[in-house]
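Here the structure is a predicted model, which means the values were calculated and not measured.
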Amino acid sequence: HGGAAPRVSRPAEEAVAIREQQNVDEKRAIAGAAARLLKSGDTVFLNDGSTVMALARELTAGDLELFVVTSAVNVAHVLAENPRLTVCLLGGFVRRSSLAVGGAFAEAMLEQFNADVAILSSDAFSVRQGMSFVNADDALLSRKMAQRAKRCIAMVTHPKFKQTARLTGIPIGEIDVVITDALPKNVRRDMAATNITVIETPSAHDGRSRGR
């Protein structure tokens, strides 16, 4: 009656929205810790993912003046709300499941930038495999971001330590800082043998699930 109907989300929007609702407090805490490592004037690389989106919201609400290069359409959209943030969205083909760009165009564009820091998320993390990814474009673009930045910061929610992904994007030796809500004991032992700085943030809940 009346012709009203529920709005049907596009598949990409729905998939991204679902991931953003997982481990919300943990991602927010990790994002806050990452933001505190930045200073005005920094050039920052961001890839895609719900933890990166949490960081985008943190930066949008803050007063830092940053130049941000990102491969994520939704991340760029949020960052553009803050006039203190200069946002560059890499060009390329948009993957519907993540709203991230990839391919030769994005890679060629990224080659023109040098960053102070790359703050990145991945599908899985281990000391042996580093930051690993399911998608080849994600792996390659994130690797280039890490290589073209002075520092690489990995944002890792605790489920990532239990997951594996088929492609290593960033080897452990190229990571400078890991920010996580909870570091498993076995990973803590292995990390102690590296030169990586580990920042642990308080986790608010024990009910935990997946989602980059």
- Same hydrophobic cluster for Val94 and Leu110, using side-chain heavy-atom links shorter than 4.5 Å among ILVMFWY? yes
- Message: What I'd like to find out is whether the side chain of Val177 reaches to under 4.5 Å of the side chain of Ile179, using heavy atoms alone.
- Response: yes
- Query: Is the Phe45 ring parallel, tilted or perpendicular to the Phe113 ring (thresholds 30°, 60°)?
  - Reply: perpendicular
- Message: In the structure I gave you, are the side-chain heavy atoms of Val75 and Leu99 within less than 4.5 Å of one another anywhere?
- Response: no
- Taking only residues two or more places apart in sequence or in another chain, which ones pass ring-ring contact (aromatic ring centres under 6.0 Å, His included) with Phe125? Phe161
- Item | Within one Ile-Leu-Val-Met-Phe-Trp-Tyr cluster: Met145 and Phe67, side-chain cutoff 4.5 Å | yes
- Reported OG1-to-CD distance for the pair Thr180 and Glu26, which is rounded to 0.5 angstrom: 9.5 Å
- Minimum heavy-atom distance between Ala182 and His158, given as atom pair plus value: O-CB, 3.6 Å
- Find out whether Lys150 and Val117 are in side-chain contact, i.e. whether some heavy atom of one side chain is under 4.5 Å from a heavy atom of the other. no
- Message: Just so I know, are the side chains of Ser132 and Leu167 near enough to count as touching, which here means a heavy-atom distance under 4.5 Å?
- Response: no
- Item | CG on Asp25 to CG on Asp181, rounded to 0.5 Å | 10.0 Å
- Message: Taking the basic N atoms (NZ, or NE/NH1/NH2) and the acidic carboxylate oxygens, is any pair closer than 4.0 Å for Arg28 and Glu58?
- Response: no
- Task: Just jot down the side chain to side chain donor-acceptor pair (under 3.5 Å) partners of Asn135, sequence neighbours excluded, or say none.
- Result: Arg95
- Any donor and acceptor pair, going by atom type alone, linking the side chain of Asp123 with main-chain N or O of Phe133 inside 3.5 Å? no
- Message: Within the 3.5 Å criterion, strictly below it, is a donor on Ser71 or Asp48 matched to an acceptor on the partner's side chain?
- Response: no
- Task: Would you please test Met109 and Cys88 for side chain to side chain contact (heavy atoms under 4.5 Å, CB included) and show each step?
- Result: CA-CA 10 Å; Met109 192 171 175; Cys88 176; 3.5 Å; yes
- Query: Going through the distances and angles, do Val52 and Met155 end up as a side chain to side chain contact (heavy atoms under 4.5 Å, CB included)?
  - Reply: CA-CA 8 Å; Val52 177; Met155 299 191 296; 3.9 Å; yes
- Message: For a 4.5 angstrom cut-off between non-hydrogen side-chain atoms, does Arg143 reach Pro171?
- Response: yes
- Side-chain (Asp42) to main-chain (Val44) donor-acceptor, under 3.5 angstrom: no
- For the side chain of Asn47 and the backbone of Leu120, is there at least one donor-acceptor N/O pair under 3.5 Å apart? no
- Message: Quick one, Thr168 and Met131 - any side-chain contact, counting heavy atoms below 4.5 Å?
- Response: no
- Query: Partners of Asn114 by side chain to side chain donor-acceptor pair (under 3.5 Å), sequence neighbours excluded?
  - Reply: Arg148
- Query: Between CG of Asp138 and CG of Leu141, what distance do you get to the nearest 0.5 Å?
  - Reply: 8.0 Å
- From CA spacing to verdict: side chain to side chain contact (heavy atoms under 4.5 Å, CB included), Leu38, Leu66: CA-CA 9 Å; Leu38 298 173; Leu66 304 170; 4.0 Å; yes
- Message: Under a 4.0 Å threshold between the charged nitrogen and the carboxylate oxygen, would Lys144 count as salt-bridged to Glu107?
- Response: no
- Query: Do the non-hydrogen side-chain atoms of Val198 and Glu200 ever get within less than 4.5 Å of each other?
  - Reply: yes
- Note on the structure: Output for pair (Thr86 OG1, Arg84 CZ), nearest 0.5 Å, gives 12.0 Å
- Item | Transitive ILVMFWY side-chain link Ile170 to Val134, under 4.5 Å | no
- Task: Decide yes or no for Leu55 and Thr51: does some side-chain heavy atom of the first lie under 4.5 Å from some side-chain heavy atom of the second?
- Result: no
- Message: Is there a path of hydrophobic side-chain contacts, each under 4.5 Å between heavy atoms, that joins Leu37 and Met53?
- Response: yes
- Message: Testing the basics here: between Ala76 and Thr70, what is the closest heavy-atom pair and its distance to 0.1 Å?
- Response: CB-CG2, 3.8 Å
- Query: For the atom pair CD1 (Ile175) and CZ (Arg151), what is the distance rounded to the nearest 0.5 Å?
  - Reply: 14.0 Å
- For side chain to side chain contact (heavy atoms under 4.5 Å, CB included), just list the numbers for Val127 and Met191, CA-CA rounded to whole Å, side-chain angles, deciding distance to a tenth of an Å, and then say yes or no. CA-CA 7 Å; Val127 175; Met191 291 286 284; 3.6 Å; yes
- Query: Among side-chain atoms of Thr157 and Lys27, is any donor-acceptor pair under 3.5 angstrom?
  - Reply: no
- Message: Donor-acceptor pair, distance only, cut-off 3.5 Å: does the side chain of Thr60 make one with the backbone of Val78?
- Response: yes
- When rounded to the nearest 0.5 angstrom, what is the spacing between OG in Ser126 and NZ in Lys162? 15.0 Å
- Backbone N or O of Thr43 within a donor-acceptor pair of the Asp116 side chain at under 3.5 Å? yes
